[in-house]
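In what follows, chains are A, B, ... by sequence order, proteins preceding strands, each numbered from 1.
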There are 2 protein chains.
Amino acid sequence: MVTIKDIARKSGVSVGTVSNVINNLESVKIKNKEKVLEVINSLGYRPNKIAASLSKKKTMNVGLIVPDVSSPFYSDLIKGISDALEINGYNIFLCESNNNIQKEEKIIRDLLSMWIDGIILIPVYSKKRNLHFLENIEIPVVLVNREIEGIKKDIVIFDNFGGAFEATQFLIKNNHKKIPILGGPELSKSFEERFQGWKEAMEENNLYKDNLIFRGDFSVEAGHKMMLEALNKADGIDAVFASSDLIALGALSAIDEYNLKVPDDISVMGFGDIYLSKFLKPSLTTIRRPFYNIGKTAVSLLLDRISGNTQKKITKFIIKGKLEIRDSVKIPDQPE
Amino acid sequence: MVTIKDIARKSGVSVGTVSNVINNLESVKIKNKEKVLEVINSLGYRPNKIAASLSKKKTMNVGLIVPDVSSPFYSDLIKGISDALEINGYNIFLCESNNNIQKEEKIIRDLLSMWIDGIILIPVYSKKRNLHFLENIEIPVVLVNREIEGIKKDIVIFDNFGGAFEATQFLIKNNHKKIPILGGPELSKSFEERFQGWKEAMEENNLYKDNLIFRGDFSVEAGHKMMLEALNKADGIDAVFASSDLIALGALSAIDEYNLKVPDDISVMGFGDIYLSKFLKPSLTTIRRPFYNIGKTAVSLLLDRISGNTQKKITKFIIKGKLEIRDSVKIPDQPE
DNA sequence: TATAATACCTGAAACGTTTCAAAGATATTT
DNA sequence: AAATATCTTTGAAACGTTTCAGGTATTATA
């Protein structure tokens, strides 16, 4: 193991000078610099970041806590975060909370003892959640995608309400009138927001009715079940607002089983834009969530704090979705 | 910042004893242990892992290098790795090579200066690849999913040949005779292996013909294009072996455009089992790659090396796929 | 050429742990 | 009670950097 001392000895300068060379300090004479670099190369020296971190009290590492690494949903988010951190020279500790609150807390403790410079946390969802210990953490924390009541931390979330409102209005504008909403687990805040978006759009157009609401979780199976229920219970349905793309997927197959055609008989609006939505037959009209950007935004908030802006007011970014118009919603011919 | 010294002073023991308490050494008298723990709690002390790492020359961190974090393909792999490492108390540095060789090398250098205990590398694919510098790395390295000629490192790969062979044979056994293969970029080793698997199965049954080969990349668009070509060029096609699920997806839509039915007119065999394959209409018969297990296997190889098995012979794990029989392949009624 | 100003270098202290030889305390045996 | 064996504790050295006050070499100014 070759250290800075070996380099110093062999190149005939002090450790301080070697350190300056390594850190690209200006104040080193070109001659010494060259000599040192030469020795570094010849000995295959590699700086020890651990030692440097200890000395500098800065690690250039950031903790990223995700409920589930394998969810395709989070992977774009992770990429946005990863790319943005990388550009700024930070490394990521990737941690998975497995949707478990205890584990999440343990991870945070562990990360703190690794002296990371900041945390990006995608919190596990839970009604009776107490994240107030976050307030006492001495390093910056940015929350992503889930808001937690009363927590004073920078946060980036997706505009579920606005997205659902826009989606529903798009259906209405295109002449759909009887538009049930499919799903979302009752305890999910994002579903609640999507529900409110749908409701508001429906009410504004006097289309809202209680019996248009079907509940289930965000899965394909649930979507299938809810759609069958909807088709059984109500007739005259001309469109459906699925509160996730997976639900829409289930709905599509239920509609198929009923020998109805999408979009001719029924239009289907998804929500979330999973990767394959555009490859379905018919391709799914949906609201895309710009996760990559959400990730980037989170990083910029975090780095801002890390670089000393500790006094700044808490920021809340609400990132808007984008309506992806594809084939699953019928658009009537517009007379010019 | 409260340190081990503060704890020592306040609880009236030496730093050595405090260190022993923190590390759960047996040799501390219960009385002292309790006192120390009490002080630790009251002062909110948190051990500094950086300092410990410097002293122990061990970080309990592992570097994971992935070409693309957001690829759904890798996310199960990452999860397998993440879960297995977590169980063993290791943390992950997640790094993305962006399919760029230079970046991959830089990452490895950076990781080494972080004194990680090992590396799991999913190499960027490239024909003219030279990973021989890996040989000189002093810490364990495990390669995943891509074999690189002449590199003496433990490795876990997927059995592309066997999977393709099995898939093709399944088609043949079920009475399909004219089975073109769709795609895979010419320079891709995994495609080459799948191609060989298909070829061998076809040859064994005297079904092989040159004009059954269509080339393109692993994408949906390519699948669509290749399938159209195939339908134009050859008739009597009763099945198709798509060398990726995305290709199969493209093929499905091309077949649909030709007003043919899957599986009644043409059977479609996919490869890879992406998440949505089972939700397609018809659901896709395909070869599932057990990425989660591949990840776990990689970790166990790595940890084995880390824990001192440096002399052991190089291990090469070839993980078999599993045929997922769904609806896109026609299975003739079997007379009992 | 002497002096002041500037540029560059030095090396010891500090960062917060772990480790381990040695010392001290306690228990066991004679 | 003394001698021995065992169990605990101590505290200084080490891990490999960075930092910075003070020193030395170099350049500019008079």
Side-chain angles (χ1 to χ4, degrees), chain A residues 1-37 39-40 43-61 89 109-117 138-139, chain B residues 1-37 39-40 43-61 89 109-117 138-139:
Chain A
M1 153 102 309
V2 23
T3 75
I4 211 173
K5 279 185 192 164
D6 303 317
I7 306 297
R9 194 172 327 115
K10 196 142 190 198
S11 43
V13 297
S14 70
V15 289
T17 300
V18 176
S19 174
N20 286 339
V21 171
I22 292 167
N23 294 291
N24 257 316
L25 283 234
E26 280 315 321
S27 62
V28 182
K29 260 198 188 153
I30 185 77
K31 195 148 182 164
N32 280 331
K33 189 168 183 170
E34 276 167 359
K35 178 68 187 162
V36 168
L37 287 176
V39 175
I40 283 180
L43 296 192
Y45 164 77
R46 230 182 266 113
N48 181 331
K49 248 199 78 172
I50 298 286
S53 294
L54 181 61
S55 186
K56 288 207 255 206
K57 289 159 166 288
K58 177 135 211 262
T59 56
M60 296 301 279
N61 295 332
R109 277 199 309 277
D110 289 352
L111 283 175
L112 288 175
S113 42
M114 298 199 225
W115 274 36
I116 47 167
D117 297 340
E138 54 269 32
I139 59 170
Chain B
M1 152 102 313
V2 21
T3 77
I4 212 173
K5 280 186 192 164
D6 303 317
I7 306 295
R9 196 174 322 121
K10 196 141 188 199
S11 42
V13 297
S14 70
V15 289
T17 300
V18 176
S19 174
N20 286 339
V21 171
I22 291 168
N23 294 291
N24 256 316
L25 283 235
E26 282 312 322
S27 64
V28 181
K29 263 201 186 149
I30 184 79
K31 196 146 180 165
N32 278 332
K33 188 169 182 169
E34 276 167 359
K35 178 65 188 168
V36 168
L37 287 175
V39 175
I40 283 180
L43 295 192
Y45 165 77
R46 230 183 266 115
N48 181 333
K49 249 197 80 172
I50 298 286
S53 294
L54 181 61
S55 186
K56 288 207 255 208
K57 287 161 167 287
K58 175 135 213 250
T59 56
M60 296 300 281
N61 295 331
R109 278 199 309 277
D110 289 351
L111 283 174
L112 288 175
S113 54
M114 299 200 227
W115 274 35
I116 47 168
D117 297 338
E138 55 268 34
I139 61 170

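- In this structure the side chain of B/Ile40 never reaches within 4.5 angstrom of the side chain of B/Val2, judged on heavy atoms.
- In this model, the phosphate group of C/dC8 is not approached by any side-chain N or O of A/Asn20 to a distance below 4.0 Å at OP1 or OP2.
- D/dA25 atom P lies 16 Å from atom NZ of A/Lys31, rounded to whole Å.
- Straight-line distance from the NZ atom of A/Lys56 to the C1' atom of C/dC15: 13 Å, rounded to whole Å.
- Protein atom NZ of B/Lys58 is 19 Å distant from nucleotide atom P of C/dT17, rounded to whole Å.
- Protein atom NZ of B/Lys33 is 15 Å distant from nucleotide atom C1' of D/dC7, rounded to whole Å.
- The interatomic distance linking A/Asp6 (CG) with D/dT17 (P) rounds to 9 Å, in whole Å.
- Between the side chain of B/Ser11 and the backbone N or O of B/Ile7 there is at least one donor-acceptor pair closer than 3.5 Å.
- Side-chain atoms of A/Asp6 come within 3.5 Å of backbone atoms of A/Thr3 as a donor-acceptor pair (strictly under, hydrogens ignored).
- Using a cut-off of 4.0 Å between Lys/Arg side-chain N and Asp/Glu carboxylate O, B/Glu138 and A/Arg46 are scored as salt-bridged.
- Atom pair B/Leu54:CG and D/dC15:C1' shows a separation of 4 Å (rounding to whole Å applied).
- Here C/dC15 presents its P atom at 14 Å from CD1 of B/Ile4, a figure rounded to the nearest Å.
- A sub-4.0 Å separation between OP1 or OP2 of C/dT18 and a side-chain N or O of B/Ser19 is present.
- Residue B/Ser14 has no polar side-chain atom (N or O) positioned under 4.0 Å from OP1 or OP2 of D/dG11.
- Across all strands shown, B/Thr17 has heavy atoms under 4.0 Å from base atoms, whether or not it also approaches the sugar-phosphate.
- At D/dC15, none of the side-chain N or O atoms of A/Thr3 fall inside 4.0 Å of OP1 or OP2 (strictly under the cut-off).
- For the pair B/Lys57 and D/dG16, the criterion of a side-chain N or O lying under 4.0 Å from OP1 or OP2 is met.
- Rounded to a whole Å, the CD1 atom of A/Ile22 is 13 Å from the P atom of D/dG16.
- With C/dT18, D/dT9, C/dG16 as the choices, the nucleotide that has an atom nearest any side-chain atom of B/Ser27 turns out to be D/dT9.
- Comparing C/dA12, C/dT17, D/dT9 against the side chain of A/Val15 picks out C/dA12 as the nearest.
- Side-chain N or O atoms of A/Ser19 include none that pairs as donor or acceptor with a backbone N or O of A/Val15 at under 3.5 Å.
- For B/Asn32 and B/Trp115, each mapped to the nucleotide of DNA chain D holding its nearest heavy atom, the one lying further toward the 5' end belongs to B/Asn32.
- Distances were taken from every side-chain heavy atom of B/Lys29 (C-beta onward) to each of C/dC15, C/dT17, D/dT8; the shortest belongs to D/dT8.
- In the set D/dT18, C/dT17, D/dT17, the nucleotide with an atom closest to the side chain of A/Asn23 is D/dT18.
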